[in-house]
Amino acid sequence: MTDYFKPGEDNHRPGIYVEVGPRGGAVPNPRIVHIDPGDRLPPTQEDGRRWRRRPSAKR
């Protein structure tokens with residue numbers, strides 16, 4: 001199960017987060033942000049959207 005996070009939440013794992021729709025679906029031109037330790041998730045482009053952590057690439 002994938003976790004979705006609301007804008008403004010903090011204390012999440014560092015990494016890349018992608019903007020998704022209210023039920024986790026893809027949105028046109030999603031924002032992609034890099035979160036460092038202690039950063040808060042930024043606002044989304046529209047109300048109701050959330051953030052999903054992008055899995056890291058395995059090498």
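All figures in this text were calculated on a predicted structure; none of them were measured in a lab. Heavy-atom basis, side chains included; hydrogens, waters and symmetry copies ignored.
Side-chain atoms of Tyr17 and Arg54, non-hydrogen and from C-beta on, never get closer than 4.5 Å to each other.
Arg52 pairs by the side chain to side chain contact (heavy atoms under 4.5 Å, CB included) definition with Thr2, Tyr4, Val20, not counting sequence neighbours.
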For residues 21-36, dump all side-chain donor-acceptor pairs below 3.5 Å to protein atoms at least two apart in sequence or in another chain.
residue : atom : partner : partner atom : Å
Arg31   : NH1  : Pro43   : O            : 2.4
His34   : ND1  : Asp36   : OD1          : 3.3

Compile the donor-acceptor pairs under 3.5 Å between side chains in residues 5-15 and protein atoms, sequence neighbours left out, one pair per line.
residue : atom : partner : partner atom : Å
Glu9    : OE1  : His12   : NE2          : 2.8
Glu9    : OE2  : Lys6    : N            : 3.4

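Side chain of Trp51 to backbone of Thr44: no donor-acceptor contact under 3.5 angstrom is found.
In this structure, CG on Leu41 lies 11.0 Å from CZ on Arg53, to the nearest 0.5 angstrom.
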